[in-house]
Amino acid sequence: MFVSVFASKRRNLLVRGLHFGKKFTPPGAEDIILKAICVNISQKKWKFLDQLSSSLTTSLLPRIFRELRTSPLLLLEFYQRVGGVEAVSCSLESCCILICIMVERKNFDVALCLMKELMISRGYLPLEMLEALISSSDSGFPSSAVFDALVRACTQIGAAVDAYEVIMKLRMGGIQVSIHAWNNFLSHLLKIGDVGRFWAMYREMILYGYYENLHTFNLLIYALCKDCKLPEALSVFYRMIKVGFCPNIVGYNMLVDGACMADDLDLAHKVVEKIETMSRGYVSANVVTFNCLINGYCKKGNPEMAGDILDKMIEMGMKPNIRTYATVIDGYSRNGCLEEGFKLCSRMVENNIVPNLAIYNSFIHWLCIEGDISGASLLLSNMMENHIFPDQFTHSIIIKGLCRNGLVNEALKVHNWIIDKNLVEDAFSNNILINYLCRSNNVSGAKQLLCRMFVQGLVPDVVTYGTMIDGYCKASKMESAIEVYTDMIKGDEPNLVIFNSILDGFCKEGSTDLSSSLIEKMKRLNMFDTITFNTLLSSYCRIGRFKEAFDLFMNMRRAGLLVNRVTYNIMINFLCKLGLFEQATQLLSLMFCQGLTPDSVTYTTLLTNLRNKSSCEEVVKMHDFLLLQGVIPDRQTYEAIVRPVDIDTSPEFMEWVNDCV
DNA sequence: ATAGGGTTAG
């Protein structure tokens with residue numbers, strides 16, 4: 001009793017002193033206050049501190065932080081308690097001192113959180129942060145790890161450009177960030193799919209005199225795999241061994257994944273089998289290795305094999321994780337075996353693994369694809385009952401599901417609801433809606449969505465712009481398309497898809513000069529593909545420029561990789577329109593020689609044209625032939641040729657007719 | 001650090 005009275009008296013005295021000190025601090029007084037505060041913090045007397053929070057001045061705070069640098073956890077608790085105080089939130093300097101201490105004490109996660117908070121919630125620019133960190137470093141906390149952490153914080157909030165600026169600014173000041181920071185930056189570029197910039201930055205890094213470490217090599221392999229450059233990836237793999245690195249499981253896994261992405265499952269298998277021997281027993285396959293392989297088989301349309309690998313894993317005593325199950329489940333569902341997917345999911349639940357958002361999203365997606373909207377919404381409510389809440393993926397899946405089933409208005413309603421709830425984070429849902437609105441000839445509706453994105457502060461991405469541009473091009477509103485394009489290039493680089501859309505627009509409106517100069521520009525930028533030339537080819541065919549069409553076709557064939565099935569479809573259609581059926585059929589054989597197979601468009605083209613000119617017998621012969629080649633006729637095919645019903649009434653034929661309708 | 005689910009071109 002006596003003690004507590006005494007203590008409270010002392011406390012009052014001190015509080016009064018602090019309030020006084022705020023207005024008029026005699027020399028040395030701040031030192032006394034500092035000591036007093038620090039003692040109270042060390043004893044975790046938080047209530048006391050709450051009372052004098054208004055006395056925490058901007059000059060006092062850094063001193064408190066430095067005083068307590070040996071007890072980072074205590075310091076952090078103090079910061080969290082006074083974080084809302086104006087003097088704290090307004091003083092970037094004190095926060096930076098705290099960050100430096102956290103890095104020094106190897107509390108990297110805390111330092112990262114603090115940095116991200118300052119940049120996101122309080123709006124500090126990365127370069128401002130850098131300045132503040134440097135000036136707080138002057139007073140005794142210099143550490144390059146702080147700068148590494150800043151680069152990492154930038155990449156984690158998606159500010160790749162800022163990360164680079166930080167690295168460059170430091171370079172100008174004679175400070176080299178570590179190879180780890182570069183690796184982090186490079187890895188982020190790959191994650192956001194900017195392989196081009198990845199290589200440019202890698203070259204720059206080497207130019208500055210850095211040497212690759214194990215992680216850098218892994219990233220190089222990954223980048224090459226992403227570009228389906230498997231032989232090059234393998235050669236980097238050998239190069240890293242040659243310079244003395246022992247590849248770890250991550251490197252092997254990237255090769256396995258890369259081989260799968262390049263559709264070379266045999267190689268993927270071989271790598272998995274050889275990990276042990278290649279590493280002389282130091283490295284063995286892990287769950288990720290098998291997950292990559294399983295994913296490869298699922299994407300190749302062989303979920304049964306994926307299921308077998310899953311069983312084999314269990315046999316080997318390796319525990320499949322939720323990603324293993326999620327991948328196989330999605331594999332079954334995407335290959336038309338939703339039931340198998342559900343079965344496997346219950347098996348997973350029996351093994352005490354609870355379905356997560358990715359699994360729900362996958363099921364909802366494939367149910368939507370099957371047209372089972374009510375099944376999808378049932379699953380969605382089941383998911384939410386289980387306290388798993390929709391994310392951006394779910395939103396996109398549902399909105400696209402509704403659109404593709406003809407319920408664009410429903411999709412718009414859902415989208416508005418999501419906006420009302422403030423749940424929109426990325427451009428995906430908008431992109432889907434814009435695309436569907438454009439497709440249903442409602443470009444003005446699409447434009448409204450784009451404008452609303454700006455109002456909401458949601459940044460449209462290249463796909464948003466690309467979709468909008470394509471919409472305008474298809475609606476023959478080239479001026480609007482160019483307007484959007486001009487807006488876009490203020491922030492984003494145009495990509496090949498966008499150039500192709502614009503080219504198609506120019507071709508369709510007959511602007512020969514504009515399309516030629518665009519083609520020249522695309523060639524200069526080395527940005528063109530089969531679609532580019534198919535667009536041009538079909539335009540030549542449409543306006544009857546025979547010579548140009550044939551020349552282009554010949555040149556494309558000479559270039560080898562530049563022809564595909566669509567190229568042949570365009571040419572076959574062209575020849576048919578000219579009445580040259582003989583040649584059209586020859587082109588069909590040529591198509592086979594190139595390993596290309598006809599599709600329903602080839603079918604429709606040939607049969608509708610043949611029907612008018614040739615005998616019934618010939619038409620039926622062509623029909624049988626194309627079906628034997630594996631062509632699956634679609635509704636359009638059926639509608640195009642069903643009128644002369646007499647072409648075939650065999651049971652098989654009627655069966656597919658019925659299947660189509 | 002590597003593995004699963006959503007957007008764009010003819």
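We name chains A, B, ... by the order of the sequence lines, and we start the count at 1 in each one.
If you check every strand for non-hydrogen atoms under 4.0 Å, A:Lys299 touches sugar and phosphate atoms only. Within 4.0 Å (heavy atoms only), A:Asn295 reaches sugar-phosphate atoms of the nucleic acid but no base atom. Among the protein residues, A:Arg565 comes within range of no part of the nucleic acid, since none of its heavy atoms lies under 4.0 Å from any strand. Counting any heavy atom pair closer than 4.0 Å across all strands shown, A:Asn183 reaches no nucleic acid atom. Nucleic acid contact for A:Ile432: sugar-phosphate only, since backbone atoms but no base atoms lie under 4.0 Å from a heavy atom of the residue. A:Asp426 comes within 4.0 angstrom of a base, heavy atoms only. Base contact: A:Leu357 has a heavy atom under 4.0 Å from a base atom. Nucleic acid contact class of A:His365 (heavy atoms, under 4.0 Å, all strands): sugar-phosphate only. Residue A:Asn218 is classed as a base contact, given a heavy-atom separation below 4.0 Å to a base. Counting non-hydrogen atoms under 4.0 angstrom, A:Thr327 reaches the backbone sugars and phosphates but no base. Residue A:Lys191 is classed as a sugar-phosphate contact, given heavy-atom separations below 4.0 Å to backbone atoms only. Contacts of A:Phe428 with the nucleic acid, taken as non-hydrogen atoms under 4.0 Å apart, include base atoms. Residue A:Asn184 is classed as having no contact, given no heavy-atom separation below 4.0 Å to the nucleic acid. The residue A:Asp529 sits close to a base: some heavy atom pair falls under 4.0 Å.
Take A:Thr289 and apply the side-chain contact (heavy atoms from CB on, under 4.5 Å) test, not counting sequence neighbours, and it matches A:Ile249, A:Asn253, A:Val256, A:Val272, A:Ile275, A:Ala285, A:Asn286. Scanning for salt bridge (charged side-chain N to carboxylate O under 4.0 Å, His left out) contacts around A:Arg323 gives an empty result, with sequence neighbours left out. A:Gln156 pairs by the side chain to side chain donor-acceptor pair (under 3.5 Å) definition with A:Lys116, not counting sequence neighbours. For A:Asp487, the side-chain contact (heavy atoms from CB on, under 4.5 Å) criterion is met by A:Lys490, not counting sequence neighbours. For the side-chain contact (heavy atoms from CB on, under 4.5 Å) test, residues two or more places apart in sequence or in another chain that qualify with A:His365 are A:Ile369, A:Ile397. A search for side-chain contact (heavy atoms from CB on, under 4.5 Å) contacts involving A:Asp461 returns A:Ala427, A:Asn431, A:Val463, A:Thr464, not counting sequence neighbours. For A:Lys226, there are no salt bridge (charged side-chain N to carboxylate O under 4.0 Å, His left out) partners at least two apart in sequence or on another chain. In this structure A:Arg557 satisfies the salt bridge (charged side-chain N to carboxylate O under 4.0 Å, His left out) test with no other residue, sequence neighbours excluded. Residues passing the ring pair (Phe, Tyr, Trp, His ring centres under 6.0 Å) test with A:His269, sequence neighbours excluded: A:Tyr297.
Annotation: proximity of residues 250-263 of chain A to DNA chain B (heavy atom, distance under 4.0 Å) is found for A:Val250, A:Asn253, A:Met254, A:Asp257, numbered in ascending order. Using a 4.0 Å cut-off on heavy atoms, none of the residues of residues 480-488 of chain A approach DNA chain B.
You'll find the side chain of A:Cys345 reaches within 4.5 Å of the side chain of A:Ile359, heavy atoms only.
Salt-bridge check for A:Arg545 with A:Glu548: passed, with a basic side-chain N closer than 4.0 Å to an acidic carboxylate O. With respect to the salt-bridge test (charged N to carboxylate O, under 4.0 angstrom), the residues A:Arg239 and A:Glu212 qualify.
Taking 4.0 Å as the cutoff to heavy atoms of chain A, we find the contact window on DNA chain B bounded by B:dA1 to B:dG10.
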